[in-house]
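Shown next, in structure tokens, is the structure this report addresses.
Residue numbers start at 1 and run along the sequence shown. Counting starts at 1 for both ligands and their atoms, in listed order. Every heavy atom of this structure was used, including side-chain atoms; hydrogens, water molecules and symmetry mates were not.
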Amino acid sequence: MQSQWPSICAIASAVQAGTTSASELVERALIAIAKKDEYKAIIATTETRARQRALTIDKQVSDGLAVGRLAGVPFIAKDNFLVFGADTTAASNILRGFSAPYQSVAIEKLEAEGAICVAKANLDAFAHGSSTENSDFMTTKNPHDSTRVPGGSSGGSAAAVMLDLAPFALGTDTGGSIRLPASYCGAVGYKPTYGLVSRSGVVAMASSTDVIGPLTRSVEDAAMVLDVMAGKDALDGTTIERESAGYTNLAGALPSKVGVIKEYMAEGIDPAVKGQIVAAIDALKARSVEVVEISLPSLSAALAAYYILCPAEVSSNLSRYDGQRFGHSDLEARTLDESYGRSRSTGFGREAKRRIMIGTYVLSSGYYDAYYVKAQTVRTKLIAEFNEAFQSVDFLLGPTAPNTAFKIGENIKDPLQMYLIDILTVAANLVGVPAISLPAGSANDMPVGLQIMAAQKNDRALLTFAKAYEELLA
Ligand code: GLN
């Protein structure tokens, strides 16, 4: 699919030079959003504020003032980012009508460089899901085939980028939610090292694995967005320092050796997907990259561990939605207790309730040791196995998803089947390492994603390799 948007860098340069106006770019995005409405990628636009910001930037340019590195670049934020100009709903009924009192740090940083948020993208409510069908509002359609899901939970963001609504979109990745929709929609999806981007002002899902990252059409664009967002932040105690070289001006060199994860090429992966990944690996071999097989035995328990730890954290993070402070409140209630109960039972959807039940169960005194502690043990073993693997190779490869985008409705009645789709993405979150999903051809007439992971804090090296791989395909 040809894009109407040049690279982020080219757009910003044109705005800085005065050859394109920010207002023109915002209108172009808003027109595209209206035109592609039937895909249901967008919950709301922030058009009034976006137009105002564009006028301010255009005035700064005409006054000869400095505008930022992302001057006039329109973007779309997943609707779990606090953003001014539209409600922040996380696609949940319980947050309907909630207007953000402040903006996410990531959004503030992008705005400080001149980027303009034009809309909020659909997601699985509270980012719980792999298809965007768990949104309380609507189901987003895959840009390549509107009978199929875009993946989730950042399905609206991935679809928005591939529908060409804006040059980039933001997503969150707690167990794969940037990479999976990138894979299903044919976008580049980047999940940074845990802590590299501040989570302040983003609706929390599972705080020990939540990460913010970009969805784009190219590695260079993803790197540019990351470069603006990355770094230590006083409002998020888990943030880490950015790499001194930053994340732009990537040389794009192939590594001399990579590892292919044995467990990721095993049974259960659609043979057509596997074929594309083997072809990608062969292309690397043809460029003299040494490819070795690496086994990470604890991966077999990663998904089970994730679906204990994640709901445990979810059940705690969702306790703040009590009908008193944010969004929806049930007005029929006569007592405070009744208000908590009624607001939560009418406000939360099925999946949020399922996770609250699982989470409180695995954390309850009788089951804590049997489930929660065991899952943490698996997590520790996984971290050790990844650390050991990164002693012998700098990168680990495999598919992003075991399949290509499935039909809308196909898995929604079977939560276990839906959870299984995350089988290849959750490990990077549990271990906290950076991971990217890159377009790697197609299978079943739908896009396939190649996943590459690197050791923690090696984001620059990962993006460098990803760029070289992209050039290999070009
Ligand atoms: N699909 C996974 C889940 O439902 C991951 C979600 C995410 O990364 N936000 O938990």
Side-chain angles (χ1 to χ4, degrees), residues 77-81 90-92 121-136 140 149-158 169-185 189-192 194 197 199 202-215 302-318 348-359 362 375 379 400-403 405-406 411-412 414-437 449 451 453:
K78 187 176 181 178
D79 201 15
N80 56 353
F81 284 77
S92 169
N122 195 27
L123 63 151
D124 289 294
F126 286 109
H128 305 161
S130 310
S131 68
T132 315
E133 292 168 290
N134 287 337
S135 165
D136 285 349
T140 301
V149 300
S153 64
S154 311
S157 301
L170 294 184
T172 56
D173 192 313
T174 301
S177 278
I178 290 175
R179 289 162 288 154
L180 180 67
S183 170
Y184 279 9
C185 294
Y190 192 67
K191 171 221 170 303
Y194 178 76
V197 179
R199 290 175 292 114
V202 177
V203 176
M205 179 177 167
S207 309
S208 80
T209 63
D210 284 348
V211 170
I212 287 159
L215 287 125
L303 191 74
Y306 172 82
Y307 274 102
I308 289 170
L309 300 174
C310 167
E313 295 186 32
V314 161
S315 69
S316 163
N317 274 328
L318 291 185
F348 284 130
R350 288 177 72 89
E351 186 60 29
K353 285 177 186 161
R354 184 177 290 125
R355 294 196 191 209
I356 292 169
M357 294 297 290
I358 296 172
V362 300
R379 187 175 190 176
T400 304
N403 55 4
F406 48 89
N411 290 322
I412 195 69
D414 186 347
L416 269 186
Q417 203 52 40
M418 195 69 98
Y419 294 170
L420 273 171
I421 293 158
D422 306 324
I423 187 118
L424 309 178
T425 49
V426 295
N429 299 81
L430 292 173
V431 178
V433 296
I436 192 166
S437 182
Q451 182 173 209
M453 298 180 231

side-chain contact (heavy atoms from CB on, under 4.5 Å) partner of Ile423, the single match among Val426, Leu420, Thr425:
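By the side-chain contact (heavy atoms from CB on, under 4.5 Å) criterion, Ile423 pairs with just one of Val426, Leu420, Thr425: Leu420.
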Are any non-hydrogen side-chain atoms of [X] and [Y] less than 4.5 angstrom apart?
| X | Y | value |
| --- | --- | --- |
| Tyr306 | Thr174 | yes |
| Asp124 | Ser130 | no |
| Ser177 | Ser154 | yes |
| Leu424 | Thr400 | no |
| Val314 | Phe126 | no |

Does [X], backbone or side chain, put an N or O under 3.5 Å from an N or O of ligand 1?
| X | answer |
| --- | --- |
| Cys310 | no |
| Ala127 | yes |
| Asp173 | no |

For Gly129, take its heavy atoms, then give the atoms of ligand 1 lying under 4.0 Å from any of them.
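Every atom of ligand 1 under 4.0 Å from some heavy atom of Gly129: 1 (N), 2 (C), 3 (C), 4 (O), 6 (C).
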Among Arg179, Lys191, Lys78, which residue meets the salt bridge (charged side-chain N to carboxylate O under 4.0 Å, His left out) test with Asp173?
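Result for salt bridge (charged side-chain N to carboxylate O under 4.0 Å, His left out) with Asp173: Arg179.
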If we set the cut-off at 4.0 Å for heavy atoms, which region of [X] has an atom near ligand 1: side chain, backbone, both, or neither?
| X | answer |
| --- | --- |
| Tyr306 | side chain |
| Met205 | side chain |
| Glu351 | neither |

Identify the heavy atoms of Leu303 and Tyr419 that sit nearest to each other, and give their distance.
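Scanning both residues, the minimum pair turns out to be CD1-O, 3.5 Å.
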To the nearest 0.1 Å, how far is atom 3 (C) of ligand 1 from its closest protein heavy atom, and which atom is that?
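Residue, atom and distance for the closest contact: Tyr307 OH, 3.1 Å.
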Give me the nearest non-hydrogen protein atom to atom 2 (C) of ligand 1 as residue plus atom name, then the distance to 0.1 Å.
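The protein heavy atom lying closest is Asp422 OD2, 3.1 Å.
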Which is closest to atom 9 (N) of ligand 1 by heavy-atom distance: Ser177, Gly175, Pro415?
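It is Ser177 that holds the nearest heavy atom.
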Is the closest heavy atom of Arg355 to ligand 1 under 4.0 Å?
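The answer is yes, since Arg355 has a heavy atom less than 4.0 Å from ligand 1.
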